[in-house]
4 protein chains.
Amino acid sequence: MSTTKPVHKRRSEKSRRAIYDAALALVAEVGYPRTTVEGIAARAGVGKQTIYRWWSSKADVLLEAFLDLAYESGQDPEQRQEQPEYAIPDTGDLAADLKAVLRATVDELRDPRFEGPSRALAAEGVVDEELGRAVVAKLLEPSLQLYADRLRAAQDAGEIRPDLDPRIALELFVSPLAQRWLQRTAPFSYEYTDTLVDYALHGLAPR
Amino acid sequence: MSTTKPVHKRRSEKSRRAIYDAALALVAEVGYPRTTVEGIAARAGVGKQTIYRWWSSKADVLLEAFLDLAYESGQDPEQRQEQPEYAIPDTGDLAADLKAVLRATVDELRDPRFEGPSRALAAEGVVDEELGRAVVAKLLEPSLQLYADRLRAAQDAGEIRPDLDPRIALELFVSPLAQRWLQRTAPFSYEYTDTLVDYALHGLAPR
Amino acid sequence: MSTTKPVHKRRSEKSRRAIYDAALALVAEVGYPRTTVEGIAARAGVGKQTIYRWWSSKADVLLEAFLDLAYESGQDPEQRQEQPEYAIPDTGDLAADLKAVLRATVDELRDPRFEGPSRALAAEGVVDEELGRAVVAKLLEPSLQLYADRLRAAQDAGEIRPDLDPRIALELFVSPLAQRWLQRTAPFSYEYTDTLVDYALHGLAPR
Amino acid sequence: MSTTKPVHKRRSEKSRRAIYDAALALVAEVGYPRTTVEGIAARAGVGKQTIYRWWSSKADVLLEAFLDLAYESGQDPEQRQEQPEYAIPDTGDLAADLKAVLRATVDELRDPRFEGPSRALAAEGVVDEELGRAVVAKLLEPSLQLYADRLRAAQDAGEIRPDLDPRIALELFVSPLAQRWLQRTAPFSYEYTDTLVDYALHGLAPR
DNA sequence: TGATAACCGAGACGGTACGTCCTGTCTTGAG
DNA sequence: CTCAAGACAGGACGTACCGTCTCGGTTATCA
């Protein structure tokens, strides 16, 4: 897995980039199951061993390629920092802020560049525990933490109840969104996310 | 896909059963990715063609095997009906009823006989749209409808707000549970499901 | 090795022939070391497994292909017998008979269709004992026995000394010829083989 | 090939020795085909490039390693000369002299240190013409010349017929011995070599 | 007495082939 | 016509080596 990979100085940066590009392109073009290590190597103009030297599986390659894509696409390529400093906006209106962020998430999950790899990693992670944990830790956790932070701020501002566990509270709107996307159970719209926020904030019971 | 399979009278019932058993056993023993059609055929003492004649893929075999398992395990084998007539209990206390059902779901998802096949089908469905829709329709939909029915009853009883869409409302507690299980993001306990019900019913905002 | 291969009825005759043809053609065109199992399979329009199912190595394929070639080329394809009934001619003049046969051998060893495979099998047999024994038994032994038979007849006719061991005696002219061919130590001509026969029959010592 | 290798003074003697030792050891232990350049380099504690800098192939390495071994084992390590001055003894009894030398050859070919590399070089030479010529010139030719010299002396002494070509005459006993060894066609004994000498000297025909 | 160039170990690289595994199709012979 | 058995063409797997190519770190002349 990527966490234990040897970090070597002799590694070819050019090959790494070519492998990322090839992997993402193939997943987008033919889908994850029909993407093969052999195909990635051929498309990247690289020997298969160069892939196996640095990654343990095609899922591992794709995870890193996707992380790299996410990292780069969120950065001004001119002046890149070590880590992006995103945060969910805090306008003082929690409902509005959450709806805005969830709408942005809807857009992102519909972006065809992201959809293929995201689904593939999610699926593989369901079955491969090691990969699953890596996906959660590297891909999901940072975003979830932003929600938790925003909810904590809302607690301080008295917008939500002080006794709530923010890590559970955020699941009330984040998990339904993720489920709908993964399982295609129902339409995936701004209206839906807005509704989720309303339901979650005010509860199902009458008041 | 299983919807288009030829329904033939000459079909060997013994082979069908042997194939289901072999498929479930292999998924449990070596995991879904290392389960192969060839392996299922060999273990079932069946020719490969017999599998390909009736199912289109190993995912299809597994889906039917799992449906069969779920059907049989919920039935008294002596007096089996066409379809089980389950319903979520209605004691008049919605919170208590939901907590009880979710606790039962937790138990079921922890059953090792179910875990392997369930994860495999969930994962495959994420990536293979056709299978995904079949899994949702045959495996999930019946259960979800039970939740929707119970929420509708609760609306009639004035336990929850009348303007809610029950199909969305149920996601507030069902989806977080599913996500935690699929992604192993956090412990999977009665305490957690109880909390979900409380948060969902009463909302995050102070009242 | 070919002696232990499973003899199955379901075997595809068409594939077998295509593999033989491809193997012989490749050895002739690119040489034995650059002939690969993969290449044979591709050229024969056959899966690699079909080769590995019936032969244990490329040497084994080539041995059988070559035996088949030798068998077929010595046969009238219309009316083929189980085993060719060759014999060294017996005109009553041993020297003349041997010279004639050795000249024919020179011609055969120069035939480009035979040279490549023959060298390859000889070389491989030097290093791989199992193959070596198979080559000797199937390829060489029949011919050597013909020499032994002719020498035995010559003994009966009083042409050579009655106390000789024919299996050793024949080596005096056969082995030098083989060595020259294998090691390219010197020209390979009718004159040379004639000389060998003379030296061997009359000895090196003066009489 | 070794004839074109750069002759540089900066060359590391230690590496050269380590490479020879590793090559001979590996051929003895795992056989020639499973001996690899990479394996030789690893065992010798040497970079691969150091091998490719000085030799063109593993066969080339082995040829030089073997020549070195032959040279050293035939030398008093204290007082080494450029070239050993061997000769076949001349006691005046040609048959006895040849039998003695051939018996010594039998012993040498049975020495396990020599057997592996010798077979490997012989086999490779059958298929690779360039290497074959090098093997013959450097390994065989010197010995063959000794036989030719001894036969020439025997001609002068009237022990054998004056019109014989010694380079062909010697093949009558040397080639059968080599063939038996290479092809394992039959036992390889003193009795056999003695017989060869008798047959060759006195001929097959009655006198 | 440095400077500098070749040699050295190490090992990554683009490749080729290996021998195995599995796919989905096809064929055979028994029931 | 179904079935068990299993051969078939095909294709991907992950591994082993090939021969080439840097990379720093010694040597060992010669300037």
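All values reported here derive from a predicted model rather than from experimental measurement. Every chain is numbered from 1, with letters handed out A, B, ... down the list of sequences.
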Item checked: Rounded (10°) bend between the five-pair end axes of the helix from E:dG2-F:dC30 to E:dG31-F:dC1 ->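 Axis angle across the helix from E:dG2-F:dC30 to E:dG31-F:dC1, nearest 10°: 20°.
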Just verifying a value: how many Å separate [X] [atom1] and [Y] [atom2], rounded to the nearest 0.5 Å?
X: D:R43; Y: D:T36; atom1: CZ; atom2: OG1; value: 11.5 Å
X: A:S57; Y: A:E130; atom1: OG; atom2: CD; value: 8.5 Å
X: A:R133; Y: A:L131; atom1: CZ; atom2: CG; value: 11.5 Å
X: D:I19; Y: D:I40; atom1: CD1; atom2: CD1; value: 8.5 Å
X: D:R34; Y: D:E29; atom1: CZ; atom2: CD; value: 11.0 Å

When the distance from [atom1] of [X] to [atom2] of [N] is rounded to whole Å, what number comes out?
X: A:R17; N: E:dC13; atom1: CZ; atom2: C1'; value: 19 Å
X: A:I51; N: F:dA12; atom1: CD1; atom2: P; value: 13 Å
X: C:R43; N: F:dA9; atom1: CZ; atom2: P; value: 17 Å
X: D:K14; N: E:dC7; atom1: NZ; atom2: C1'; value: 13 Å
X: A:I40; N: E:dG14; atom1: CD1; atom2: C1'; value: 16 Å

Under 4.0 Å between a side-chain N or O of [X] and OP1 or OP2 of [N]?
X: A:R53; N: E:dC13; value: yes
X: A:W55; N: F:dG14; value: no
X: D:S15; N: E:dC7; value: no
X: C:W54; N: F:dG6; value: no
X: D:T50; N: E:dG9; value: yes

Notebook entry, point to check: Judged by atom type as modelled, is there a donor-acceptor pair below 3.5 Å linking the side chain of B:K58 to the main-chain atoms of B:Y32?
Noted result: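 Confirmed, B:K58 side chain pairs with B:Y32 backbone.
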Item checked: Side-chain donor or acceptor of D:R119 paired with backbone N/O of C:V126 under 3.5 Å ->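 The answer is yes, because a donor-acceptor pair under 3.5 Å joins these two groups.
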Within the sub-3.5 Å range, which N or O atoms of nucleotides 20-22 of chain F have a protein N or O partner, and how far apart are they?
| from | atom 1 | to | atom 2 | distance (Å) |
| --- | --- | --- | --- | --- |
| F:dC21 | N4 | D:Q49 | NE2 | 2.2 |

Next item on the list: Would you mind telling me which residue lines up with the more 5' stretch of DNA chain F, D:K58 or C:E13, judged by nearest nucleotide?
Entry: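 Between the two, 5'-proximity favours C:E13.
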Next item on the list: Between A:E38 and B:E38, name the one whose nearest nucleotide on DNA chain F is closer to the 5' end.
Entry: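 Mapping each residue to its closest nucleotide by heavy atoms, the 5'-most match is B:E38.
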Considering only heavy atoms from C-beta outward, does the side chain of [X] approach that of [Y] to under 4.5 Å?
X: D:Y20; Y: D:L69; answer: no
X: D:R53; Y: D:T50; answer: yes
X: A:W54; Y: A:R11; answer: yes
X: D:Y52; Y: D:V37; answer: yes

Notebook entry, point to check: For D:S118, what residues pass the side-chain contact (heavy atoms from CB on, under 4.5 Å) criterion, not counting sequence neighbours?
Noted result: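 In terms of side-chain contact (heavy atoms from CB on, under 4.5 Å), with neighbours along the sequence ignored, D:S118 is linked to D:F66, D:F114, D:W181.
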Next item on the list: Kindly give the heavy-atom pair with the smallest separation between B:P117 and B:V27, and that separation in Å.
Entry: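 So the two residues come closest at N-CG1, 3.7 Å.
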Notebook entry, point to check: Closest nucleotide of DNA chain E for A:G47 versus for C:G39: which of these residues is on the 5' side?
Noted result: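 Comparing both residues, the 5'-ward one is A:G47.
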Margin query: Using a 4.0 Å cut-off on heavy atoms, which residues in residues 116-123 of chain B reach DNA chain E? List them by number, or say none.
Written below: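 When residues 116-123 of chain B is checked for heavy atoms under 4.0 Å from DNA chain E, there are no hits whatsoever.
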Notebook entry, point to check: Who pairs with C:R17 by side chain to side chain donor-acceptor pair (under 3.5 Å), at least two apart in sequence or on another chain?
Noted result: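 C:R17 satisfies side chain to side chain donor-acceptor pair (under 3.5 Å) with C:D21, C:D68 only.
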Next item on the list: Pull out every residue in residues 20-37 of chain D that has a heavy atom closer than 4.0 Å to any atom of DNA chain F, ordered by number, or say none.
Entry: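 Residues of residues 20-37 of chain D under 4.0 Å from DNA chain F: D:T36, D:V37.
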